[in-house]
Participant: 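What follows is a structure written as structure tokens; I'll ask about it next.
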Amino acid sequence: MSDETIEPSSVAAAPGEDHAGHVHVVPPWLLLAVFAALLVLTFVTVAITHFDFGRTVNVWVALGIAVAKATLVALFFMHLKWDSPFNGLVCVTAMFFVALFIGITLLDSKETAVNFQPPPVPAARPAE
Amino acid sequence: MSAITPPAHGIGLPVEREPSPPRGDNYLTHSRGILSWLFSLDHKRIGIMYLVGVLTAFLIGGIFALLLRTELLTPGPTFNSNKAEAWTFYNHCFTLHGAVMVFLFVIPAIPAVLGNFVLPIMLGAKDVAFPRLNLGSFWCWIGGAIFFTYVLLGGILNASFGWHLPGGYGLDTGWTFYTPYSTGQGPHAHSTDGTIAALLGVFILGFSSILTGVNFIASIHMLRPKGMGWFRMPLMLWALYATSVIQILATPVLAITGLLLLAERVIGVGIFDPAIGGDPVLYQHFFWFYSHPAVYIMILPAMGVISEVISTHSRKHVFGYNFIAYSSIAIALLSFLVWGHHMFVSGQSPLANAIFSLLTFSVAVPSAIKVFNWVSTMYRGDIRFTTAMVCAMCFIVMFTFGGLTGLFLGALSNNIHVTGTYFIVAHFHYVMVGSVLFAFLAGLYHWWPKMFGRMTDLAWGNAGALTLLVGFNLTFMPQFIMGAKGMPRRYATYPVEFQGYHVVSTIGAYVMAIGLFTIAFNLLHALLKGEKAPANPWGANTLEWHCPSPPPHDNFPVEPVAGDPYDLKSWQWDEATKQWVLDEQRARTVAGTEPTVHHH
Amino acid sequence: MLLSILAQSAYLPPRASTVAPEVDGLFNAILAIITFFCLVIFAAMIVFAIKYRHRVGHEGGASPGHSTALELTWTIIPTIIVLTVFYYGFKGFLNETVVPPNAYEVQVDAYMWGWAFTYPNGHVDPELHIPKDRPIRLVLSSRDVIHSLYLPAFRMQKSAVPGRYNRFWVQATRLGEFPIYCAQYCGQNHSEMLSKVVVHDPKEFPDWLERASDLAKQPGFTPIKAGGQIVAARGCLNCHHTDGTASTGPTFKDLFGKQEVLNDGEVTVDENYIRESILYPQKRIVKGFGPVMPSFLGSLKDNEIDWIIWYLKSISANYKGDMSAGLSGGAVATSQAAPATKPAQ
Amino acid sequence: MSDLVSKQQAAVTLAGDPFSPTRDPHHGHPPHLAHHFETPEQQYSSAKVGMWVFLATELLMFGGLFCAYSVYRHNHPEVFEFAHHYLDRSLGAINTIVLITSSLTMAWGVRCAQLGQRRGLVLCLVLTLIGGAGFMTIKTIEYHHKYVEHVWFGAGNRYSKHYQGPSINEGPFGGHQSESALRMTEGERQEAAADKEMMAPTTQPTESFGPAFVDPNAGTPDESKIKPTQVIPAGLSTRVRPEVGEEVRYEDLPQFEKDRVSTFFNIYFLMTGLHGIHVLVGMGLITWILVRGARGAFGPLYYTPVDLVGLYWHLVDLIWIFLFPLLYLIH
């Protein structure tokens, strides 16, 4: 990673794709293919709501499809596939810390759920 | 300016020499007029403007610290015989002191002032990657700072002098803005009217912090010169890099927390306020997810400064470079895993308590490594007691003690006893104030000749630093004892048994003030009457000492080539000319070898 | 065992709970550790600073810039130490968390700025009274903002969070009175939100509770005196001063019978208005004051409100009526005070 | 090897660029090259690094909202399942497609800029703008429905304890009922009416200052009349959750879950509102590069602003990709 100043971001493109200057240009077929995939996944995520796999699985299925779509957008529309790996690392790190934040907070919230329950009514009994 | 050696382009490697800039043309004199400063894109000028702003904030925060300590001299009301007014005054004062010091002084002090000034020069670059963004960040800071201070100070002035400053609500939530007190849905809502304005101020300040972080990360990635691999960066740059990572990852969470709080107050959306369906403990998770890492935004750059200063003024290669560099990154990442240790008694689950306690101790280890490495750097050195070095040694004292007292707080059962007491107050003042302030001063004294081309007076500077050290310990050592005995924090009045400690503490605060004024006069004296500084008064080898003092507008006419930043032996004192001279032969040899002299 | 031997100190509050010795032992152990490390580090720094100071003829020596063995040593040793400290802290915490069975339960209701401890028989007291040598389970909640119940002598603290019910337990080992502080900032009078724990002999505790539960049964009872005790105990006086000065709320002095201006209209402060203000404080607010008073609906009994009314009458020059019922002891006085409107339940 | 190729190509393109003089690091800069950068590549890559780091802050900021969402959804799943029926999933799906399409045109716009196709760039950006405007229009329609149905945020939500507005059937729009309100079961409507009655202010003495611990038994001398304590805030439902496939009905929710229904709408408005603000900012930025692009400011050598705005726009799309299933498709 120490050589960006010498080799700024001359990201190598796969052979056979068109270029201009130092950065990769995405070919139209790929843009359209990604677009089509996104449409299909949108359809799938709506359609799948007609099936119930139970609360937890439903959420993870929906999230899984969303992650797949997000990955497509990030890799192709946002050029991460051809970009400096550092930019991808930035994106992944941010996601990781969001997950960390949500994960630990959720863990605590789950554990303390009992504390939202009001205590039993003090029974009107004489103290010993 | 004969004292200035011609800029050495790199470590004596053959580079095309351009004529030195014309005599006297440096960044200070490059252009004239107030506007040439206010809208300057020059990172050095922005750094100096931050310096003025940050010191002003420090002065305001400091005055209120003295007012607080004076109020606490006696258990009863001191300034105002009406109890209710006296308590409100005290509560406003501690909020202002805490909030101004945290958001306007400790967080920006080292990254925004020293970082802005030296980072590009250390990189051998002409500027940071995004100079316009840098200026934008400065203006965000100024805007946020004025707004924030106005709201907080306005309330105190209105209440104390019967003024009618519009919008001067004042705030008494403390810098933590805990809900539901700050959301004001409960009783006494009017006492937190300033929340909205203050949060807007914090939001704007957050932008400033984020933009600086973006700038530093991009600069360190993209602008390093030839010869400066990651492991040849000065440790200050590692520290600033780690700091920026935290600023990037943590500050946005503060922003959204602020927005959610605003939404609660303005449109009644309940996420944190139980009266409208929220949960206050969730607020604490949000708040500390930012604010714990923010503690490391404060201390990491301080560690960077200390690494530079100790090595330079001991004239020794820094010991264990890789460990220090890695520990900066380790601290930055681990700092995100420990936020819950502020919430051990808040109703957080025992499981989370245990996890956070364990992780908290994991941060202690990289911090300990750094201290050992700094002390080892002094071993077999040739130590000069410059004011920078004295401040750095004071830093080690403060940080060792402050850091180690963290062991009490990390241990669950002890934390439960002392949390929310003066023990906490003393602990974080040792770390966030004692340490960071001494590191900031060490950095100022170290780079003052570079910033202004003037040397500071040694005796007065050292006297000031030592007075500060005495005053600081006098102020905060009794607070540890008070805290252990059970004196809660943020108390306007207290049981009489604690008065003795409070009196000593207040006296200490005044001693600190004397020390700080001595330092202020010392620096101002240097600015006006100080001896002219050579390009490299300390014989240091990081790149900023390779350009004249003060640096020209463009820093380096040609990008220099970097060598080992701690190869101090390449600079030899020349008794005849009374300055440090680069041994080019040696520098060339070192630059061609490994960055550190270790052999596996 | 080792910890309890270490638990001797002058800088910690008295120890009055079962967990205190362990906490103090760890405290002192950590103190010893940090003293040792501070001494080592400061000594090394000072010795190096003197020995290797710059002076004529002194040259900085060569020393390795790095030593893996050394650096691993000072990574591993602190790691072991902090893990040990974690272990003991965690162990102490477990003791503080796991409530023994058959604990005596007291509910704690925090408000700005006072504490209301509710005992199993329904008695509400501003102080925490507990029997010695018996586990006491405290269930905390808050009416308004976060407070924190801090018992330094018991080495325990827990926040009272609105909307949540936090729980912890203590067991007293010593008779006497110990301070209670609020350790979470909660507004103007945060520093005056004090109370105390009174540890009773287990045999005498039931007597105390019975006595405390019924003001009418206390020696020298009069409605006026009882009313005065209630307004003091329930924190009314934090906002309503009795010296004629207005605070967060109007003063109690000369309040009864006074003509007050509201935001929309006027009202004579009579039995009805006082009762309404205690139960539904937001309904009719005197001009110049904020809607900040909490409701005491359900937490003050009817006869207690009657006593408060008697107390207010007693300190008002505006009340010209007969005071004898307020001054007479016994249960007679409790129900005849005022034919006040009963709250619409 | 391929690095070398692209560098050579870069050099060739640079030399043949009609807009800039031959690049020489010491004596003349290509236009747009700031003085502190050595090469346009370095400048471009710095801008991208900066943008990505900024996008990371955006992710963390939305992360806070996702965290609030997760905590409340996890603790009150029935509430979310019930309340999400108020959202119109067809409109949500249409909006998803609109936004994905605008992402496509944006990506294509970047391509046009890279290739120096000025007309293509303008066309793509205009299409993207239309997409953004379409998204906001649909969003406005949805918000309007919520307003009409009194499932607004804060106290404007009819499930809120602090709701003061008219009951659903006598609203300001003359009893207008939108599609999603019609989807309410008869039981829900009755429940809503019953709720309204229950909310007569006199029976809610504590509503204006938050949850008080009110012990209804204090002052009750008769032990046999002791009632269970009704305490307002509560978290997890204690009742058995619906089986797989069973629909959650409002009347089945325990009281403290009913009190949480408005939280769903609060979170919905916060998330979509903040996202909407980002869409508006993005549209502003696109307008800016559209104007510049139409003047021919961008070409193969300099298209950094288009690329960065594109990244921003895709991020906005990316966040919606998560918002859509999490808010509209709960089941």
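Side chains included, hydrogens not; waters and symmetry mates left out as well; all remaining heavy atoms used. Numbers restart at 1 for each chain; the letters A, B, ... are given by sequence-line order, proteins then strands. The structure displayed is predicted, hence computed values, not measured ones.
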Participant: Looking at C:Asn189, C:Asn95, C:Val23, C:Leu151, which makes the most heavy-atom pairs under 4.5 Å with chain B?
Facilitator: C:Val23
Participant: Using a strict threshold of under 4.0 Å (side-chain N to carboxylate O), is an ion pair present between B:Lys83 and C:Glu192?
Facilitator: yes
Participant: Heavy-atom pairs under 4.5 Å with chain C: which of B:Thr377, B:Asn353, B:Ile481, B:Val418 has the most?
Facilitator: B:Asn353
Participant: Counting only non-hydrogen atoms closer than 4.5 Å, does C:Ile46 touch chain B with its backbone (N, CA, C, O), its side chain (CB onward), both, or neither?
Facilitator: neither
Participant: Counting only non-hydrogen atoms closer than 4.5 Å, does C:Phe90 touch chain B with its backbone (N, CA, C, O), its side chain (CB onward), both, or neither?
Facilitator: both
Participant: Is C:Thr97 close to chain B through its backbone or its side chain, or both, or neither, when contacts mean heavy atoms under 4.5 Å?
Facilitator: side chain
Participant: Would you please classify the geometry between the B:Phe401 ring and the B:Phe480 ring as parallel, tilted or perpendicular, with 30° and 60° separating the classes?
Facilitator: perpendicular
Participant: Under 4.5 Å heavy-atom distance to chain C, tell me which part of B:Pro495 shows up: side chain, backbone, both or neither.
Facilitator: side chain
Participant: Which answer fits C:Gln157, side chain, backbone, both or neither, if we ask what part of it has an atom under 4.5 Å from a heavy atom of chain B?
Facilitator: both
Participant: For C:Ser148, which atoms come within 4.5 Å of any heavy atom of chain B: side chain, backbone, both, or neither?
Facilitator: side chain
Participant: Of the backbone (N, CA, C, O) and the side chain (C-beta and beyond), which part of C:Leu31 lies under 4.5 Å from a heavy atom of chain B, both, or neither?
Facilitator: both
Participant: Measure C:Glu96 against the heavy atoms of chain B and call it side chain, backbone, both or neither at under 4.5 Å.
Facilitator: side chain
Participant: Does either side chain, that of B:Asp273 or that of B:Tyr283, offer a donor lying less than 3.5 Å from an acceptor on the other one?
Facilitator: no
Participant: Can you list the residues that meet the side-chain contact (heavy atoms from CB on, under 4.5 Å) rule with B:Asn415, with sequence neighbours excluded?
Facilitator: B:Phe344, B:Leu409, B:Thr419
Participant: Mark yes when over 12 heavy atoms from residues, nucleotides or ligands other than C:Tyr87 sit less than 6.0 Å from its OH; otherwise mark no.
Facilitator: no
Participant: Can you label the angle between the B:Trp374 ring and the B:Phe399 ring as parallel, tilted or perpendicular, going by 30° and 60°?
Facilitator: perpendicular
